[in-house]
Amino acid sequence: MSEKILLIDGHSILNRAYYGLPELTNSEGLHTNAIYGFLNILFKTIEEEKPDYLTVAFDLHAPTFRHQMYEAYKGTRKPMPQELREQVPVMKDVLAAMGVCMISKEGYEADDLLGTLAKKSEEKGMEVTVLSGDRDLLQLASSHICIRIPKTRFGKTTVEDYFADDVKEKYQLSPQQIIELKALMGDASDNIPGLPGVGEKTATKILLEYGNVENAYAHVEDIKPNKAKNAFLEHYDLAVLSKKLAAINIDSPVDYDWESARIKDFYTQEAYDFFKELEFKNFLSRFEDTGAPAEAEKSFSTVTELDQAEEIIGKARQKPELGLHILKENGVFLGMGLSFSDEEKVLSYCFLPQGFLTEAYLLEQAQMLCQEAAMVSSLDVKSMLRHMDLENHTKMFDAGIAAYLLNPLKSAYTYDDIAKEYLGEMLPAKEDLLGKLNYTKGMKDQEEQAALSVCYMAYVALKSREPLKKALEETEMLHLFTDIEMPLLFTLSEMEKEGIRVNAQALKEYGDQLYVRILELEKEIYQEAGEEFNINSPKQLGVILFEKLKLPGGKKTKTGYSTAADVLEKLAPDHKLVADILEYRQLAKLKSTYADGLAVYIGEDERIHSTFNQTITATGRISSTEPNLQNIPIRMELGRLIRKVFIPRDGYVFTDADYSQIELRVLAHMSGDEKLIQAYQEAQDIHRMTASQVFHVPFDEVTDLQRRNAKAVNFGIVYGISSFGLSQDLSITRKEAAQYIENYFETYPKIKGFLDGLVTEAKEKGYVTTMFGRRRPVPELRSSNFMQRSFGERVAMNSPIQGTAADIIKIAMIRVGKALKEQNLKSRLLLQVHDELLVETAEDETAQVSTILEKEMKNAARLAVSLEIDMHTGSNWYEAK
DNA sequence: CAAGTGCGG
DNA sequence: CTCCGCCGCACTTGT
């Protein structure tokens with residue numbers, strides 16, 4: 001059997017992969033989608049073809065012989081987007097690390113090198129496969145040379161194979177005639193001219209009749225479509241030139257040694273390191289023994305018998321350090337993972353609640369282990385605390401939070417991700433083990449796999465602690481982790497367990513009242529519109545408003561008309577229908593999300609227990625889910641009324657304290673701008689003060705409009721201002737907005753320098769930091785896309801401010817929680833809403849609670865300006881604001 | 001599952 | 001000139 005060679009058109013395949021795959025970056029922000037796609041196609045082709053030799057050809061930047069023939073020739077020198085260009089050198093490095101033979105030659109394109117090698121290999125009796133995204137290469141096809149063209153459609157890659165016969169079948173032309181075809185019809189991407197008015201159809205017809213360009217010209221008078229005939233007469237020289245440009249040089253002067261192209265083992269240590277850096281998880285699993293760091297022997301077992309469990313837990317009690325995971329899904333306990341080191345081995349167990357091995361027993365043992373061990377690591381300590389009471393904060397290590405601090409942009413911190421990143425181990429993810437099954441179903445149908453997954457969680461928690469801690473030290477975030485995030489976790493856990501009392505009866509009545517009005521509005525709307533339709537469907541609504549009734553508004557979204565409130569508000573004064581729709585929307589929102597939405601979360605204890613997530617946001621804020629209690633209405637009175645259903649337990653009141661403009665105060669401090677600092681020291685009303693200074697009017701003569709504008713500018717500055725955004729906000733021209741901003745920066749001269757400095761820092765380091773060292777990477781700043789880059793700039797300006805404010809209130813929460821306990825108060829922290837804390841306060845403790853809130857919130861950080869709070873008490877959340 | 005919309009800071 | 005201000009979560013429709 002003859003030997004096989006695989007030849008690859010490097011740039012062409014990279015291009016295909018780049019445009020065929022969604023954007024992909026590693027944690028450093030390096031784009032990797034083209035490299036990923038290239039390797040995917042490479043591996044797939046090699047598996048299918050099993051070639052003996054492999055060579056990848058690349059173009060060089062230097063002009064080629066074609067440029068000398070024809071000035072306007074573009075060839076492959078099309079401009080490449082930055083996101084693709086940065087991947088080319090990395091791709092070459094990766095291939096070099098894999099020991100892949102690469103070739104390029106000044107003055108020649110990759111096509112020419114491929115053509116030359118293809119023909120020479122064919123002469124040596126080899127079977128040749130040429131992989132390219134470019135159909136030009138079809139001219140090389142023969143009975144031994146196959147051109148493979150990968151096509152990406154709907155995310156799936158299919159490959160078309162062309163031997164000479166296939167070319168003929170598809171194009172009715174011989175491979176040779178593909179050159180003629182291109183000469184006649186031209187090629188816009190290479191800037192090869194071709195004949196005007198001659199497309200693929202006509203060109204093919206002419207070639208079928210006359211064979212080639214020269215012969216066609218010899219019979220030019222017979223050429224059928226008159227347009228083509230004239231084009232021939234006028235531009236024959238062009239067609240001849242194009243033919244020369246289109247023809248691949250199959251006799252390029254290359255030094256090539258087939259032996260150096262023989263395929264060796266790709267999976268070298270070097271390649272492994274590259275794949276790891278690029279975070280190509282799928283490919284890493286191709287490395288078997290090579291490269292992977294030596295791993296301690298590990299054993300995983302499932303435990304279902306009580307005596308067995310007692311023995312293992314007894315052994316675990318002797319160990320200084322444990323990995324632990326408690327698996328609950330939908331409130332049902334499914335198992336417990338436990339991991340520890342034992343004589344050079346790592347033992348991991350999954351305990352399943354069966355027979356005598358009960359949930360109660362296992363949770364009790366878990367609590368005991370946590371109290372006794374010197375160190376317990378878990379991927380999610382807070383979820384574990386739901387089932388036990390623990391005091392000592394210092395010996396717990398939350399690997400999920402550590403991983404979050406190290407890269408807050410990830411959407412999840414799963415055991416396989418952490419293992420890959422911090423242990424260099426490729427573990428099967430939950431999805432690999434259970435597919436789409438959840439753990440509840442997995443434990444039923446795939447118990448072994450599900451149990452293994454639980455073992456891995458405990459295992460990774462145990463083993464990743466050291467590397468995570470080291471990474472936190474290196475990034476100077478250990479303090480943030482140890483002194484803020486870890487203690488906060490306990491505070492948040494207590495808040496979740498505490499929950500907040502809700503008057504279900506009142507909530508139901510509120511919803512019923514809304515519904516009465518909703519039905520009224522619905523009727524009126526149908527009448528005004530002249531037909532019934534689904535008001536909740538933006539699509540149907542758009543048709544009614546902008547097509548049937550022909551209201552001005554036009555298109556805005558990619559799918560059709562925008563019916564968003566800011567659009568409808570402009571129409572509402574003139575059209576009762578639109579005004580009614582806006583009211584309907586408002587009520588429907590309140591009913592579905594709040595009245596009905598909250599009701600389902602009220603527990604047996606009359607309380608709602610939200611979940612506070614600590615590892616979600618890019619900036620360091622916490623988020624609240626199931627339900628979200630951080631977006632309860634307040635701005636509109638009707639919505640605000642909902643707060644009356646949030647009530648304290650009997651004998652208690654609510655104390656609510658919120659920071660006054662914490663972000664602007666953080667800005668004043670971080671920028672060090674004396675004028676802004678001074679403004680805060682002098683004035684109670686910072687927006688009026690800003691207006692006075694920006695618009696050069698005395699403080700007492702500031703108009704309401706001026707104050708409102710100044711307020712918008714203050715907000716804008718914090719958000720990473722742009723004249724466009726501000727102009728939208730204030731309904732003014734961009735020019736005016738730009739003027740406001742300029743005035744602002746003149747008034748507070750250090751602000752601009754500070755914000756610019758943040759962007760510069762982000763560009764240099766790749767991330768920005770808060771006052772407490774929290775990091776946020778800003779990979780968008782490397783993008784060649786203007787919008788992406790601008791986004792990166794705004795993020796660089798906003799994140800340190802929002803993040804520092806988040807750090808401060810976290811500190812306050814920890815201290816408030818601690819003070820309540822130390823003073824043996826019954827009062828408890830219930831909610832945090834970004835700059836606000838809500839405390840359920842025993843009636844006889846109101847004075848102490850106020851003192852604690854005031855003291856701990858104001859002193860949470862020492863800034864150049866004071867931190868001020870507004871505080872209220874009330875018998876429900878409405879009255880406490 | 002994405003898109004549109006709207007609630008909060 | 002680019003035409004977006006930042007950070008979230010939940011509900012509804014429609015493919």
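Naming: A, B, ... by sequence-line order, numbering from 1 per chain.
- Residue Arg621(A) has no polar side-chain atom (N or O) positioned under 4.0 Å from OP1 or OP2 of dC6(C).
- Side-chain atoms of Lys539(A) and base atoms of dG14(C) include no donor and acceptor less than 3.5 Å apart.
- At dA10(C), none of the side-chain N or O atoms of Thr625(A) fall inside 4.0 Å of OP1 or OP2 (strictly under the cut-off).
- For the OP1/OP2 pair of dG14(C) and a distance below 4.0 Å, the side-chain nitrogens and oxygens of Gln540(A) include at least one atom meeting the criterion.
- Distances from the side chain of Ser722(A) to the nucleotides dT2(C), dC4(C), dT5(B) place dC4(C) closest.
- Pair check for dC6(C) finds dG9(B); Watson-Crick or G-U wobble, both atom distances under 3.5 Å.
- Taking atom NZ of Lys711(A) as the reference point, atom P of dG5(C) lies 19 Å away to the nearest angstrom.
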Intermediate values then yes/no, side chain to side chain contact (heavy atoms under 4.5 Å, CB included), Asn785(A) and Arg789(A): CA-CA 6 Å; Asn785(A) 180 303; Arg789(A) 225 172 35 247; over 6 Å; no
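- In this structure, the CG atom of Leu590(A) is 14 Å from the C1' atom of dT5(B), given to the nearest Å.
- Of the candidate nucleotides dC7(C), dC3(C), dT13(C), dC3(C) has the atom lying nearest to any side-chain atom of Arg734(A).
- The shortest distance between the side-chain N/O atoms of Asn631(A) and the OP1/OP2 oxygens of dG6(B) is not below 4.0 Å.
- Comparing dC7(C), dC9(C), dG8(B) against the side chain of Thr617(A) picks out dC7(C) as the nearest.
- Neither side chain, His872(A) nor Glu879(A), offers a donor N or O lying under 3.5 Å from an acceptor on the other.
- OP1 or OP2 of dT12(C) has not a single side-chain nitrogen or oxygen of Arg585(A) nearer than 4.0 Å.
- Here dT13(C) is the nucleotide among dG8(B), dT13(C), dC7(C) with the atom lying nearest to any side-chain atom of Asn536(A).
- In this structure, OH of Tyr584(A) is placed 12 Å from C1' of dC11(C), rounded to the nearest angstrom.
- Scored by the ring pair (Phe, Tyr, Trp, His ring centres under 6.0 Å) test, Tyr561(A) finds Phe546(A) as partners (sequence neighbours excluded).
- Of all nucleotides listed (dG8(C), dG9(B), dA10(C)), dG9(B) comes nearest to the side chain of His834(A).
- Sorted by residue number, the members of residues 790-806 of chain A with any non-hydrogen atom under 4.0 Å from DNA chain B read Gln802(A).
- One can place CD1 of Ile632(A) at 9 Å from C1' of dG8(B), the figure rounded to the nearest angstrom.
- Dashed line: the shortest gap from a side-chain N or O of Ser562(A) to OP1 or OP2 of dT5(B) is under 4.0 Å.
- Aromatic ring centres of Tyr740(A) and Phe695(A): separated by under 6.0 Å.
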Might you work through the side chain to side chain contact (heavy atoms under 4.5 Å, CB included) test for Leu541(A) and Asn534(A), ending with a clear yes or no? CA-CA 7 Å; Leu541(A) 182 58; Asn534(A) 190 338; over 6 Å; no
Between the protein and nucleotides 1-3 of chain B, list every N/O to N/O distance that falls short of 3.5 Å.
none

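- Checking dT5(B), dT13(C), dA10(C) against the side-chain heavy atoms of Ala564(A) singles out dT5(B) as nearest.
- dC4(C) has its base stacked against the ring of Phe724(A), the centroids being under 5.5 angstrom apart at an interplanar angle below 30°.
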